[in-house]
**Q** 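Please read through the structure below; I'll follow up with questions.
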Amino acid sequence: MRFFRGFGLLTTTFISALTSVAPGARAAGKPVYVDITQPVYKNADQPIDARVDDLLARMTLDEKIALVHGDSKFSTAAIPRLGIPQRWLSDGPHGVREQVSHDSWDAAGHTDDFATWMPVLLNLAATWDPDLAHGYGQVIGEEARKRGKQIMLGPSVNIQRTPLCGRNFEYMGEDPFLTSRLAVQYIRGEQSQGVSSCVKHFAANNQETERNTISVEMDERTLREIYLPAFKAAVQEGDVWSVMGAYNQFRGQHCCENEYLLNGILKGEWGFHGLVVSDWNGTHDTREAAMNGLDLEMGTNHRTYENYFLAKPFEELIRKGEIPMSVLDDKVRRNLRVMFATHMFDDPSKWENGGALNTKEHQAEAKKIAEEGMVLLKNDGDFLPLQAGKIRSVAVIGENAVRKFGHSGGSAAIKALYEVTALEGMVQRAGSDVDINYSVGYARKGTSDEMIARAVKSAEQSDVAIVFAGLSHDRFHDEEGTDRKDLRLPYRQDELIERVVKANPRTAIVLIDGGAVEMDPWVDQVRGIVQAWYPGMEGGNAIAGVLFGDVNPSGKLPFTFPRRLADSPAHALGAYPGKNGVEHYSEGLLVGYRWFDTKKIEPLFPFGYGISYTTFGYANLKLVAGSGPGDPVVTVKCDVTNTGKRDGREVVQVYVRQGHPSLPRPDKELKGFAKISLKAGEKGTVSIPLDRGAFAFYDPDRKGWVAEKDQFEILVGSSSRDIRLDGQWKLAQTTFEK
Ligand code: BGC
């Protein structure tokens, strides 16, 4: 069964005699005798669905009910009579969260819950590297295994619709294709460790303002083309075992109880066999939750777990015959499937993955992803990298150079084993040859004139100045539960930067934050800008590596930086944050660069943008037609040459533009990409396949995907606004797929 791909060894059917040689073992020349007198569900050699059926048949109504709701903040009850262990869920997308108390959000005060803090998902997205996403998921899977967690609440794949959303830092940007490619690999990496990913938040959860109540209205095509693809890919390509419903409403019904989203699309159209868990306190009604596809209720703010909507009240409706037992059985089946997939009943000798926590390898992976995701936005006159041999002093300025970010921001917070700050990274890297002169410059507790003056003086007296600016997980910044109020830098940072640059024109900015900020007052004055995100526990080392040139930056923006908030679609149209509890996504398909490109609005930095310490030349575009069934429609090939003096990596992006679509389409859409490593002077070739889906759009009348007979432009570039090669491709006939 597709759902359990990867667990073939454990699902070999075997019933022939009281004891016999297990089939796989015979081939290996090592007989293993299996006792078939044990219940089928305890026999790891049985197919999972047989085990599920067997166990379900043994369960009482009470026991079934126990499996579909929480018995603490993050667990479900054990059922000792049947040997069903307690099951543990945990946040989250960036590592395994600190243990919280049984019944409250307070920390449990454990000492064994320090973990690897990975760079935030937006940082991962900026790597444009699916292999790194796989490694990311695997690290978290291994740590979850070690910490005894079966379901990890991530990845978060909601689309960045407004630059103000407080959770943009834990999503993967504005493009459904990029998000999908990374999510699939994250899930495969994590689930390879026998831990269930839980892709979230399904669906249309794109702002924190009124997040528990807002009802999102959008046309069907926008839903299918922008907001659902990452979830669909997670289910159909990533084989994800769990999905979390969102807090908001979709077309007037809460997402955790949404008939259309859960039963109609997820389980119906996409054939999802795993479990749907509520967001914490996202369940509102027993009947709706029961009938509309929720399988596990967690986090409801009731004082007792037996009063959860899917506990006693659900049991009563079943006893009265108002809800059929088959509805509960389906939920229990889905829960049990994930429990078997995560080896909760298996003899450890058959599944020996005990996991690993806080290893050097995990820390190295965190560092690599941080490095690969840093985006060089500006580098006038090759100001960066800093030449350790040529400069003698650096003024390091800014509170963000000394703040730690891992343990805040909401449910994605991690109790990191350690966190290297930017200042620590700089001091460590600079060694004894370069003086690092630190001054805070601005602070969340209030920025004084004196603070600014001291920083200006330090800049004046140093060879170069680096201002570590940005946001934090403070309220109304990058924080779950609130949105940002605007795109301005807080705490008088603009003023500070302007004055520092005046004092020392040899100034660069490092932005530590989770989204776009307005740079108008200083963008033209500073010599360099590095977008560093919240880069995980090794972030300070990664930043220093980029600034001193040990690492050649190769990240690309996974979203558009607008010049001003009013340029962004949801704001230009006055759609955000909705009116009277309803938000119409009136920009439709035109999210992010789709809007900026179609409306010809100049962004500050475009989607897909990011420069390097070297340069790349593009040549020899070839469009190679597929020759057989299963082949891509066309493979885009081109040569890329590293034309500079340093080794580097480039993300080659392929956008598709349809000539004469029968329904309006965005100016262009990302449909492929590849990241290539090239030594200085080296030439390489990238091959990027485009399948039928790369040409198709969703036709709401026919309820499916149509790729029309038409002429298409294939645009190959280094960003969405830096197209280097342009080819033509003709589809000879119109095709349609559900
Ligand atoms: C968040 C989820 C998270 C859950 C459990 C909710 O507030 O929206 O993303 O997984 O809490 O902490």
**Q** For H477, give me all partners under side-chain contact (heavy atoms from CB on, under 4.5 Å), at least two apart in sequence or on another chain.
**A** L471, S472, D474, P490, Y491
**Q** State, to 0.1 Å, how close P569 and V591 come at their nearest heavy-atom pair, and which atoms those are.
**A** CG-CA, 4.4 Å
**Q** With side chains defined as the heavy atoms from C-beta onward, is the minimum distance between F340 and L55 less than 4.5 Å?
**A** yes
**Q** Assess whether a salt bridge exists between R337 and D49, defined as any Lys/Arg side-chain N lying under 4.0 Å from an Asp/Glu carboxylate O.
**A** yes
**Q** What is the ring orientation for Y308 with H302, classed by angle as parallel under 30°, tilted 30 to 60°, or perpendicular over 60°?
**A** tilted
**Q** Please name the residue in the list Q150, R87, Q86 that meets the side chain to side chain donor-acceptor pair (under 3.5 Å) test with S75.
**A** Q86
**Q** Who passes side chain to side chain donor-acceptor pair (under 3.5 Å) against T162, sequence neighbours left out?
**A** H571
**Q** Could you pull out all residues at least two apart from N205 that satisfy side-chain contact (heavy atoms from CB on, under 4.5 Å)?
**A** N158, Y171, H201, E208, A246, N248
**Q** Do S411 and L153 come within less than 4.5 Å of each other through their side chains, counting heavy atoms only?
**A** no
**Q** Please determine, by modelled atom types, if T209 and D483 share a side-chain donor-acceptor pair under 3.5 angstrom.
**A** yes
**Q** Measure the acute angle between the ring planes of W105 and F74, then classify it against the limits of 30° and 60° as parallel, tilted or perpendicular.
**A** perpendicular
**Q** Which word best sums up how the rings of F405 and Y534 line up, parallel for under 30°, tilted for 30 to 60°, or perpendicular for over 60°?
**A** tilted
**Q** Got a second to check how far S156's OG is from M172's CE, nearest 0.5 Å?
**A** 7.0 Å
**Q** Scan for ring pair (Phe, Tyr, Trp, His ring centres under 6.0 Å) pairs involving residues 133-161, sequence neighbours excluded, and state none if there are none.
**A** Y136-Y186
**Q** Salt bridge (Lys or Arg N to Asp or Glu O under 4.0 Å): which pairs involve residues 55-68, sequence neighbours left out?
**A** D54-R58, D62-R319, E63-R81, K64-D329
**Q** For K149 and Q99: C-alpha separation, side-chain torsions, deciding distance, then whether side chain to side chain contact (heavy atoms under 4.5 Å, CB included) applies.
**A** CA-CA 11 Å; K149 313 295 185 193; Q99 193 68 23; 2.6 Å; yes
**Q** Do L223 and Y260 touch side chain to side chain, with heavy atoms closer than 4.5 Å?
**A** yes
**Q** Under the salt bridge (Lys or Arg N to Asp or Glu O under 4.0 Å) test, which residues partner E583, sequence neighbours left out?
**A** R161
**Q** Testing the basics here: between T127 and I369, what is the closest heavy-atom pair and its distance to 0.1 Å?
**A** CG2-O, 3.6 Å
**Q** For residues V277 and M244, determine if any side-chain heavy atom of one lies less than 4.5 Å from a side-chain heavy atom of the other.
**A** yes
**Q** Only pairs at least two apart or in different chains count here, so list each salt bridge (Lys or Arg N to Asp or Glu O under 4.0 Å) that has a residue in residues 254-277.
**A** R224-E269, K267-D295
**Q** Are the side chains of I414 and M118 in touch, meaning some heavy atoms are under 4.5 Å apart?
**A** no
**Q** Residues two or more places apart in sequence or in another chain: which of them pass salt bridge (Lys or Arg N to Asp or Glu O under 4.0 Å) with E306?
**A** K312
**Q** Can you name the one residue among K485, E480, R484, E479 that meets side chain to side chain donor-acceptor pair (under 3.5 Å) with T482?
**A** E479
**Q** Does D175 pair with R181 as a salt bridge, N-O distance under 4.0 Å?
**A** no
**Q** Given 3.5 Å as the limit, does a donor-acceptor pair link the side chain of E297 with the main chain of F309, or not?
**A** yes
**Q** Check for a donor-acceptor pair, side chain of E587 on one end and backbone N or O of W595 on the other, with a separation under 3.5 Å.
**A** no
**Q** Can you run down the salt bridge (Lys or Arg N to Asp or Glu O under 4.0 Å) pairs that involve residues 274-293, sequence neighbours left out, and say none if there aren't any?
**A** R287-E322
**Q** Do we see a donor-acceptor contact under 3.5 Å between the side chains of S90 and R97?
**A** no
**Q** Would you please say whether a donor-acceptor pair under 3.5 Å links the side chains of Y247 and N281?
**A** no
**Q** Is there a donor-acceptor pair under 3.5 Å between the side chain of W280 and the backbone N or O of K73?
**A** yes
**Q** Yes or no on side chain to side chain contact (heavy atoms under 4.5 Å, CB included) for Q249 and C255, after CA distance, side-chain angles and deciding distance?
**A** CA-CA 5 Å; Q249 303 186 58; C255 289; 5.9 Å; no
**Q** Look only at the side chain of W533 and the backbone of G373, and say whether a donor-acceptor pair between them is shorter than 3.5 Å.
**A** yes
**Q** Which heavy atom of N307 sits nearest a heavy atom of P313, and at what distance?
**A** O-CG, 4.1 Å
**Q** Are the side chain of E225 and the backbone of Y698 linked by a donor-acceptor contact shorter than 3.5 Å?
**A** yes
**Q** Mind listing the closest non-hydrogen atom pair of P155 and S197 along with its distance?
**A** CD-CB, 4.3 Å
**Q** What is the minimum heavy-atom distance between M59 and V332, and which atoms define it?
**A** SD-CG1, 4.0 Å
**Q** With rounding to the nearest 0.5 angstrom, report the CD to NZ distance, E237 to K232.
**A** 9.5 Å
**Q** Do you know which two heavy atoms are closest between V68 and L310, and how far apart they sit?
**A** CG2-O, 3.5 Å
**Q** Could I get the full list of side-chain contact (heavy atoms from CB on, under 4.5 Å) partners for S586, not counting sequence neighbours?
**A** L573, A575
**Q** Within a strict 4.5 Å, meaning less than it, do heavy atoms of the N335 and T76 side chains meet?
**A** no
**Q** Any chance the side chains of K146 and Q193 put a donor and an acceptor closer than 3.5 Å?
**A** no
**Q** Starting from the C-alpha separation in whole Å, work towards a yes-or-no answer on side chain to side chain contact (heavy atoms under 4.5 Å, CB included) for L164 and Q207.
**A** CA-CA 8 Å; L164 296 187; Q207 68 190 45; over 6 Å; no
**Q** Give a yes or no on whether a salt bridge exists between R333 and D53, defined as a side-chain N under 4.0 angstrom from a carboxylate O.
**A** yes
**Q** Taking the side chain as every heavy atom from C-beta outward, state whether Y576 and L565 have any pair of such atoms under 4.5 Å apart.
**A** no
**Q** Could you pull out all residues at least two apart from P666 that satisfy side-chain contact (heavy atoms from CB on, under 4.5 Å)?
**A** L589, L590, R594, T598, E669
**Q** Is any NZ, NE, NH1 or NH2 atom of the basic residue among R251 and E220 found under 4.0 Å from an Asp or Glu carboxylate oxygen of the other?
**A** yes
**Q** Run Y585 and N206 through side-chain hydrogen bond (donor to acceptor under 3.5 Å, both in side chains) and show every step you take.
**A** CA-CA 10 Å; Y585 283 17; N206 309 101; 2.7 Å; yes
**Q** Suppose we screen for salt bridge (Lys or Arg N to Asp or Glu O under 4.0 Å). Which residues come up paired with K200, at least two apart in sequence or across chains?
**A** D91
**Q** Between the side chain of K331 and the main-chain N/O of A290, is any donor-acceptor distance below 3.5 Å?
**A** yes
**Q** Can you check whether W241 reaches T342 side chain to side chain, under 4.5 Å on heavy atoms?
**A** yes
**Q** Using the rule given for side chain to side chain contact (heavy atoms under 4.5 Å, CB included), can you reason through L67 versus L336, listing the C-alpha separation, both sets of side-chain angles and the distance that settles it, and then say yes or no?
**A** CA-CA 8 Å; L67 275 201; L336 289 177; 3.5 Å; yes
**Q** Could you label the plane-to-plane angle of the H94 and F169 rings as parallel, tilted or perpendicular, counting under 30° as parallel and over 60° as perpendicular?
**A** tilted
